[in-house]
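What follows is a single structure, written as structure tokens, with notes after it.
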Amino acid sequence: MTPPTVAPAGQTVAEHASAIRHWRPGIVQDVPPPGLIDLGPGYPDPALLPVGLLRAAYHRALDEYGPAALAYGHNAGALPLREALAERAALADGHPCGPDQVLLTAGTSQALHLLSGLLGRPGDMVITDQYSYDLGRRIFTDCGLRVRAVAMDELGMDPAALREALRAEHAVGRRVAFVYVNPAFHNPTGIVVPLTRRRELLDVTREHEAVVIEDDAYAELTLDGGQSVPPSFAALAGYRGVLRLGTFAKTLAPGLRLGWLLGEPALVAWLGEHGMLVSGGSLNHTTSLAVATVLRDGDYDRHLTRIRAELGKRRDALAEPLRALLGERMACRVPGGGFFLWLGPGGTDAAREETYTAAAEAAGVRLAPGSRFGAGDRPRLRLAYSFNPPAVLTEAAHRLAGAWAA
Ligand SMILES: Cc1ncc(COP(=O)(O)O)c(C=O)c1O
């Protein structure tokens, strides 16, 4: 494996190198081996993590709330943040949402774990897209649930396939804990489910009284200012039967472990009665108050504008040379938002997925095989453009094109 040939000339390459100096085992989750360009995990670029913004935010929260910022927090989460999140949801969806519809979580992973335990019983089925967030599936199965993946097309989950799956589960007397969707800049495919398809899917879940969990981890990460995300499933259903999950992991910082859940007031009140919250209070109280000040002062929107632009540059720095160099040989879905490119060999290329990942790794690029996210009839590859600066991503594209040319 060759070391990166990118000279740390561009400012962001230097910033990236400086930002990862503390990327050490035992400190952060995953440390890429030296020389390897890691397009595997969906991590934000360390150079884009807002250290100064959050330093100021924690200061403000401690100044304003004093010891109340360090107490056990209100079970459902601190009101200033719940109010701000409800207001943002109402504005984005054009549908009312109040703070009594918000429960703060320790990120989407924790929310998925909580809901798996409360809505599911061991052996129940979770219905997902054909390809879906691999670690979400891992949480479901670790909670004793089973996963049934249903076919998807270019617009997301296929309503007829969903109906068939719900019927089949009902026919064998198996409970469906919930239907899990990730309809805005889907991980891994980047698909945004359009409005009509959202309505069709909701009609099917209503027919079968199935609960929907809507994971909107990337919904705020529109990169072109163009592709807008339709109203959420939750808003379209008037929140009946839908729980919508959000997280600051992709927009602010994953280490905050801060997210939220939106639902009907009675359901949210019931979730807030969980012993874990009654015992420990809100899961991330001090951080919630700090982040509330970021939302209140408009800093969050300014930060979003900046990272959308940065992510857009990163997406283009990877996608454009890949398309130019590989052409028809590799179909590449370039999303309007989120973190990922989704690739599939074009034509009749029948090489196995591992052939592509192994060649990439030998050229010093790590990426995620599509089979990690679900089964398909053709090889698929997911490339995250979120972690590396543009110059490194362009270098990765050249390495991949060279590796796959053979
Ligand atoms: C679709 C999706 N949901 C949830 C998560 C994890 O969210 P959190 O860090 O808030 O637990 C990810 C992260 O990769 C994701 O891609």
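Everything numeric here is computed off the predicted structure, so don't read it as measured data. When reading the values below, keep in mind they use all heavy atoms of this one structure, side chains included, and skip hydrogens, waters and symmetry mates. When a ligand or atom number is given, it counts from 1 through the structure's own listing order.
Electrostatic pairing of D299 and R302 counts as a salt bridge here, judged by a charged N lying under 4.0 Å from a carboxylate O.
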May I have every N or O pair linking ligand 1 to the protein at under 3.5 Å, one per line with atom names and distance?
{"from": "ligand 1", "atom 1": "3 (N)", "to": "D215", "atom 2": "OD1", "distance (Å)": "3.4"}
{"from": "ligand 1", "atom 1": "3 (N)", "to": "D215", "atom 2": "OD2", "distance (Å)": "2.6"}
{"from": "ligand 1", "atom 1": "9 (O)", "to": "R257", "atom 2": "NH1", "distance (Å)": "3.1"}
{"from": "ligand 1", "atom 1": "9 (O)", "to": "R257", "atom 2": "NH2", "distance (Å)": "3.4"}
{"from": "ligand 1", "atom 1": "10 (O)", "to": "T108", "atom 2": "N", "distance (Å)": "2.8"}
{"from": "ligand 1", "atom 1": "10 (O)", "to": "T247", "atom 2": "OG1", "distance (Å)": "2.6"}
{"from": "ligand 1", "atom 1": "11 (O)", "to": "T108", "atom 2": "N", "distance (Å)": "3.3"}
{"from": "ligand 1", "atom 1": "11 (O)", "to": "S109", "atom 2": "N", "distance (Å)": "2.8"}
{"from": "ligand 1", "atom 1": "11 (O)", "to": "S109", "atom 2": "OG", "distance (Å)": "2.5"}
{"from": "ligand 1", "atom 1": "11 (O)", "to": "R257", "atom 2": "NH2", "distance (Å)": "2.8"}
{"from": "ligand 1", "atom 1": "14 (O)", "to": "K250", "atom 2": "NZ", "distance (Å)": "2.9"}
{"from": "ligand 1", "atom 1": "16 (O)", "to": "N187", "atom 2": "ND2", "distance (Å)": "2.8"}
{"from": "ligand 1", "atom 1": "16 (O)", "to": "Y218", "atom 2": "OH", "distance (Å)": "2.6"}

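The ring of F178 has its center closer than 6.0 angstrom to the ring center of F140.
For R88, the side-chain contact (heavy atoms from CB on, under 4.5 Å) criterion is met by E220, L295, Y300, D301, L304, not counting sequence neighbours. Remark: L326 engages L322, R329, M330, A401, W404 in a side-chain contact (heavy atoms from CB on, under 4.5 Å) (not counting sequence neighbours).
Residue pairs satisfying the ring pair (Phe, Tyr, Trp, His ring centres under 6.0 Å) criterion with at least one member in residues 249-285, sequence neighbours excluded, are listed as follows: F248-W260.
Judged by the 6.0 Å distance and 45° axis criteria, R382 is positioned over the aromatic ring of F340.
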